[in-house]
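Remarks on the structure that follows.
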Number of protein chains: 2
Amino acid sequence: MSSAEAASPIRFRPASYSATQSRTIEAALVLFAEHGVSGTSLQMIANTIGVTKAAIYHQFKTKDEIILAAAEVVLTRMEAAVDTAEAEKSRSRAREVLIAELIDLAVERRRVVSILQRDPVMVRFLEKHEPFVRVMERLYRLLMGDHAGAEARVAAAMLTAAIAGAVIHPLVLNLDDEALRSELLHLALRLFQLPD
Amino acid sequence: MSSAEAASPIRFRPASYSATQSRTIEAALVLFAEHGVSGTSLQMIANTIGVTKAAIYHQFKTKDEIILAAAEVVLTRMEAAVDTAEAEKSRSRAREVLIAELIDLAVERRRVVSILQRDPVMVRFLEKHEPFVRVMERLYRLLMGDHAGAEARVAAAMLTAAIAGAVIHPLVLNLDDEALRSELLHLALRLFQLPD
DNA sequence: GTCTATACGCGGATAGAC
DNA sequence: GTCTATCCGCGTATAGAC
């Protein structure tokens with residue numbers, strides 16, 4: 001309450017990671033996508049980047065810290081997308097901006113986004129992570145508007161699941177980022193009956 | 001090649017399970033949804049139904065057999081849905097029927113369908129399960145038609161992900177089955193530009 | 001069919017040398 | 001920062017009694 005910072009909303013503050021920490025996180029993300037979070041051991045991560053388990057523990061105190069660091073790769077960008085959308089004047093414009101930003105993010109970081117929304121361990125983990133929960137509440141409010149009827153709820157649920165699921169779907173494996181991005185946007189706007 | 005059966009297409013043949021086996025499968029499904037497949041131990045399953053691990057091993061030789069049995073709960077119904085759709089005369093009618101059947105199934109067995117499509121271990125498992133792969137190929141062909149352009153691929157990927165993801169989404173937790181079913185169908189048809 | 005008991009390996013995590 | 005070595009618990013799986 002004493003500093004100027006206290007006035008600004010709480011944000012994610014991803015620690016700035018060393019080069020080795022970043023390698024650990026990237027290795028973890030690949031393995032999480034392949035074997036699931038719970039099926040990925042610290043030994044597997046250590047082998048991938050060519051060090052021992054103990055070296056990993058020097059960089060992160062627990063496995064949970066690695067999971068969180070992996071999630072934060074995307075969480076900061078999701079929060080930024082919600083910020084940008086909320087700054088728009090009209091609701092429908094905010095919705096359009098948010099959908100476009102979410103799709104950009106999902107296409108750019110296909111694996112991470114899918115892990116966040118689909119891996120059972122990651123989902124449980126994030127449910128207890130307050131900053132994440134707050135961002136998701138803002139995101140859903142933007143997608144649904146204030147009066148959340150059944151159709152709005154189902155549409156928002158379908159959209160987020162569709163984006164996260166589609167980007168790693170076998171059917172779109174051969175599409176380049178730009179093609180995938182544009183088709184996803186096109187179809188997402190159709191789902192929400194927004195102008196294309 | 002010698003019997004009459006050889007002429008009919010290969011189908012799933014879920015073994016008929018004893019009452020205790022069925023209890024094991026149902027308990028496994030609940031735990032898989034909560035902790036993920038890899039995060040669910042035989043001990044947890046045994047505790048849930050009130051027996052010891054050894055008793056579980058009497059019913060199923062390995063954990064993989066339990067995973068398969070759990071998957072088959074839904075796989076047989078998916079195959080039946082594809083059969084029904086393929087019997088339709090027109091392509092668009094086949095697509096409508098398939099989408100409606102898939103949504104019915106997903107709403108009825110929300111947890112199972114989501115596990116099948118989202119759990120990393122289950123996904124890897126089913127990729128190597130030939131009968132499943134074959135059914136999915138037929139399903140995608142029905143959804144996309146023969147000329148699989150980028151839009152058709154992305155639309156099919158979004159639809160399957162959206163259905164599986166939406167039915168267990170926190171936003172729709174309070175919707176009863178009938179409301180969820182009807183909204184899902186309505187929005188799925190809009191995504192595919194089919195008559196409602 | 002269910003139990004107790006046990007084998008064996010791998011999981012996360014720590015201590016202490018270099 | 002990375003290593004070797006080690007702790008302890010839990011994972012799958014099996015043997016054999018009741």
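Numbered from 1 within each chain, the chains take letters A, B, ... in sequence-line order.
The B:Val51 side chain lies nearest to C:dC3 when the options are C:dG12, C:dC3, D:dT2. Minimum atom distance to the side chain of B:Tyr57 is reached by D:dA13, of the listed D:dA13, D:dC3, C:dA13. Distances were taken from every side-chain heavy atom of B:Lys53 (C-beta onward) to each of C:dA13, D:dA13, C:dG11; the shortest belongs to D:dA13. Of the candidates D:dG11, C:dG1, C:dG12, the closest approach to any side-chain atom of B:Gln43 belongs to D:dG11. Set against D:dT12, D:dT2, C:dA13, the side chain of A:Gln59 has D:dT2 as its closest nucleotide. Among D:dC3, C:dT4, D:dT12, the nucleotide with an atom closest to any side-chain atom of B:Ala54 is C:dT4. Considering only side-chain atoms of A:Lys63, the nucleotide from C:dT4, D:dT2, C:dG12 that sits closest is C:dG12.
In this structure, A:Leu189 is not a member of the same hydrophobic cluster as A:Val97, with clusters built from ILVMFWY side-chain heavy atoms closer than 4.5 Å.
Across all strands, A:Ser38 comes closer than 4.0 Å to no nucleic acid atom at all (heavy-atom distances).
Of the side-chain N and O atoms in B:Ser41, one or more sit less than 4.0 angstrom from OP1 or OP2 of D:dG11. Side-chain N/O atoms of A:Thr52 include one lying less than 4.0 angstrom from OP1 or OP2 on D:dC3.
Within a 6.0 Å sphere centred on CD of A:Glu130, other residues, nucleotides and ligands contribute 12 heavy atoms or fewer.
The line from CZ of B:Arg118 to OG of A:Ser114 is 10.0 Å long, rounded to the nearest 0.5 Å. Between B:Thr52 atom OG1 and B:Tyr57 atom OH the span is 11.5 Å, to the nearest 0.5 Å.
Put simply, CG on B:Asn47 is 15 Å from P on C:dT2, counting in whole angstrom units. B:Ile56 places its CD1 atom 19 Å from the P atom of D:dC10, with the value rounded to the nearest Å. Following rounding to the nearest Å, A:Ile66 (CD1) and C:dG11 (P) show an atom-to-atom distance of 13 Å. Protein atom NE2 of B:His58 is 16 Å distant from nucleotide atom C1' of C:dT4, rounded to whole Å.
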